[in-house]
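In what follows, chains carry the letters A, B, and so on, assigned in the order in which the sequence lines appear, proteins first and then strands, with residues in each chain numbered from 1.
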Protein chains: 2
Amino acid sequence: MTSDASTEQKPYHHGDLRRAIIETALDMLQEQKGWQFTLREIARRAEVSHSAPYRHFPDKTALLHELALIGFDRLREALVAALDPAADAPACLQALAYAHLGFGAANPDLYRLMFNADAGEPSDIHLDARTQAPFRLVIEVLERGQREGTIRSRSALGQATACWAHLHGLTMLAIDGRLVPEKVGDHAIEDALTTLLDGLLSGESAASGRSPERP
Amino acid sequence: MTSDASTEQKPYHHGDLRRAIIETALDMLQEQKGWQFTLREIARRAEVSHSAPYRHFPDKTALLHELALIGFDRLREALVAALDPAADAPACLQALAYAHLGFGAANPDLYRLMFNADAGEPSDIHLDARTQAPFRLVIEVLERGQREGTIRSRSALGQATACWAHLHGLTMLAIDGRLVPEKVGDHAIEDALTTLLDGLLSGESAASGRSPERP
DNA sequence: ACCTGAACACCGTTCAAGT
DNA sequence: ACCTGAACACCGTTCAAGT
């Protein structure tokens, strides 16, 4: 009678503390908005001492990095799920845009963390394939669109950077409550996306139903 | 002989501590990149006790708000300075874009703070006229461009939101070192701005020298 | 190999007391 | 009216000691 998962007092060794810490952190990130991220609170909630996490992460920013990478994995999944392989590039871009905005709205604190992790020092996280994966999706769609002729022929990398910056900026502004209708109108987000598409679509496909004029 | 500014030990009352705190904070924000903003360090540097700032700001976020507002004032000044009244709207937009990016690059920590102040709770800072002033500049240029015929006729508010999001996103990505040339190419920023302009310029003025193709 | 508890050097904030 | 100093409840991080 040394291990009964339900009634026993918890063992000295947690077993899989690393995973538990990460999951606890992600949970708290989703629950309490504006939570001041603190290692001690995570440890408390995971029912270990406040120094236990240091056996699994060298310091706080290491955990932050790990969470950010997981965030980028999830963003990529959300984007992939939004892509319809049968659709043409412009439709895909629109789907990507709404999926990106939706991800930010659903996980505001995680999203902020993703784009904030170690904002000070130079780190190699930005070069990680996982961090870059969502961005690569955008590139691929644009390149396909250029082959289809639906996307203006320009540097696809530049267009992808434009999309990425546009969506990131819009998501951040939305998360932070800066797109107040009183100042920015009721259709600001849709209209902003229209302008993004205006810049991407090749001459002919632009004027149609995709981007209605709203003068 | 009760007050000799140079040799006397400093008086019990600072005189204009509020202003001194703000200036010290701005200085430190510019000097040390990635500085963890702390009230106690500001007080130390201003040579007052760590509780003195509380006579002038109810709490830390109040100071943050004040600094953010000053940041928006300065951003507006930088943008205004970049505008050539003789230039047409597209040229103005390009000037605004580079001024915005330049401001972020020159004041990365202040810029981050501006768009981060009290990111948690709802606050009225986003409605402040000072916060909105730079955005209004963009609106005005776009409206003028629509009158000129150089800017596509769409909701100017939507176009302004698109510009704002695009520039904010690009600035943040640049500040955070996320636009690494290995992944994004050497001309990512210029190309991204080209795509932005592609979306804003009206049909005819687009193809010309403003936005060179770089396939 | 993994975890704890005390300890250290910090924070933000409050409050009686000083000038 | 403005400022100080001690005090409180927190952090992140380290390290000897426990299992």
Side-chain angles (χ1 to χ4, degrees), chain A residues 1-5 8-25 28-29 32 34-68 109 113 116-121 123, chain B residues 1-5 8-25 28-29 32 34-68 109 113 116-121 123:
Chain A
M1 207 210 274
T2 51
S3 66
D4 176 352
E8 204 86 1
Q9 88 280 0
K10 70 184 177 36
Y12 191 85
H13 288 77
H14 182 286
D16 198 0
L17 185 52
R18 188 188 153 88
R19 180 190 311 274
I21 287 169
I22 290 175
E23 268 166 19
T24 305
M28 302 185 80
L29 232 28
Q32 306 150 30
W35 169 48
Q36 292 297 102
F37 197 94
T38 124
L39 278 187
R40 282 176 112 110
E41 194 168 342
I42 294 170
R44 232 174 276 136
R45 178 120 144 201
E47 296 186 291
V48 291
S49 83
H50 59 261
S51 49
Y54 286 87
R55 295 303 114 199
H56 300 275
F57 301 94
D59 55 18
K60 193 183 179 183
T61 67
L63 174 55
L64 255 39
H65 277 182
E66 187 67 45
L67 294 172
D109 286 306
L113 187 152
N116 234 328
D118 210 357
E121 312 313 299
S123 81
Chain B
M1 207 210 274
T2 51
S3 66
D4 177 352
E8 203 86 0
Q9 89 278 1
K10 72 182 178 33
Y12 189 85
H13 286 78
H14 182 286
D16 199 358
L17 184 51
R18 189 188 153 86
R19 179 189 313 274
I21 287 169
I22 290 175
E23 269 165 18
T24 305
M28 301 184 80
L29 232 27
Q32 306 151 28
W35 169 48
Q36 292 296 100
F37 198 94
T38 133
L39 277 188
R40 283 177 112 110
E41 194 167 342
I42 295 170
R44 232 173 277 135
R45 179 122 143 199
E47 295 186 293
V48 291
S49 83
H50 59 260
S51 49
Y54 286 87
R55 296 301 117 198
H56 300 275
F57 301 93
D59 56 17
K60 193 183 178 183
T61 66
L63 175 55
L64 255 39
H65 276 181
E66 186 68 47
L67 294 172
D109 286 306
L113 186 152
N116 233 328
D118 208 356
E121 313 312 301
S123 81

B:Arg19 and side-chain contact (heavy atoms from CB on, under 4.5 Å): which single residue from B:Ile22, B:Leu17, B:Asp16 fits?
B:Asp16

What is the per-nucleotide protein-contact pattern of nucleotides 12-19 of chain D, from the 5' end, where B denotes a base atom under 4.0 Å from a protein heavy atom, S denotes such proximity for sugar-phosphate atoms only, and - denotes neither?
BBBB--BB

Rounded distance (Å) that lies between atom [atom2] of [N] and atom [atom1] of [X]:
| X | N | atom1 | atom2 | value |
| --- | --- | --- | --- | --- |
| A:Arg19 | C:dC2 | CZ | C1' | 17 Å |
| A:Phe57 | C:dC2 | CZ | C1' | 14 Å |
| A:Glu47 | C:dC3 | CD | C1' | 14 Å |
| A:Leu17 | C:dT4 | CG | C1' | 12 Å |

Any-strand Watson-Crick or G-U partner of C:dA7, both distances under 3.5 Å
D:dT13

Base partner of C:dG18, which must satisfy Watson-Crick or wobble distances under 3.5 Å
D:dC2

Is there a side-chain contact between A:Phe57 and A:Leu39 (heavy atoms, below 4.5 Å)?
no

For B:Arg45, I'd like to know if atom CZ has over 12 heavy atoms of other residues, nucleotides or ligands within 6.0 Å.
yes

A:Gln32, CD atom: more than 12 neighbouring heavy atoms under 6.0 Å:
yes

Derivation of the side chain to side chain contact (heavy atoms under 4.5 Å, CB included) call for B:Asp109 and B:Trp35
CA-CA 8 Å; B:Asp109 286 306; B:Trp35 169 48; 5.5 Å; no

After noting the C-alpha distance and the side-chain angles of A:Glu66 and A:His56, does the key distance pass the side chain to side chain contact (heavy atoms under 4.5 Å, CB included) rule?
CA-CA 11 Å; A:Glu66 187 67 45; A:His56 300 275; over 6 Å; no

Does A:Arg18 reach a base, just sugar-phosphate, or nothing at all? Heavy atoms under 4.0 Å.
nothing

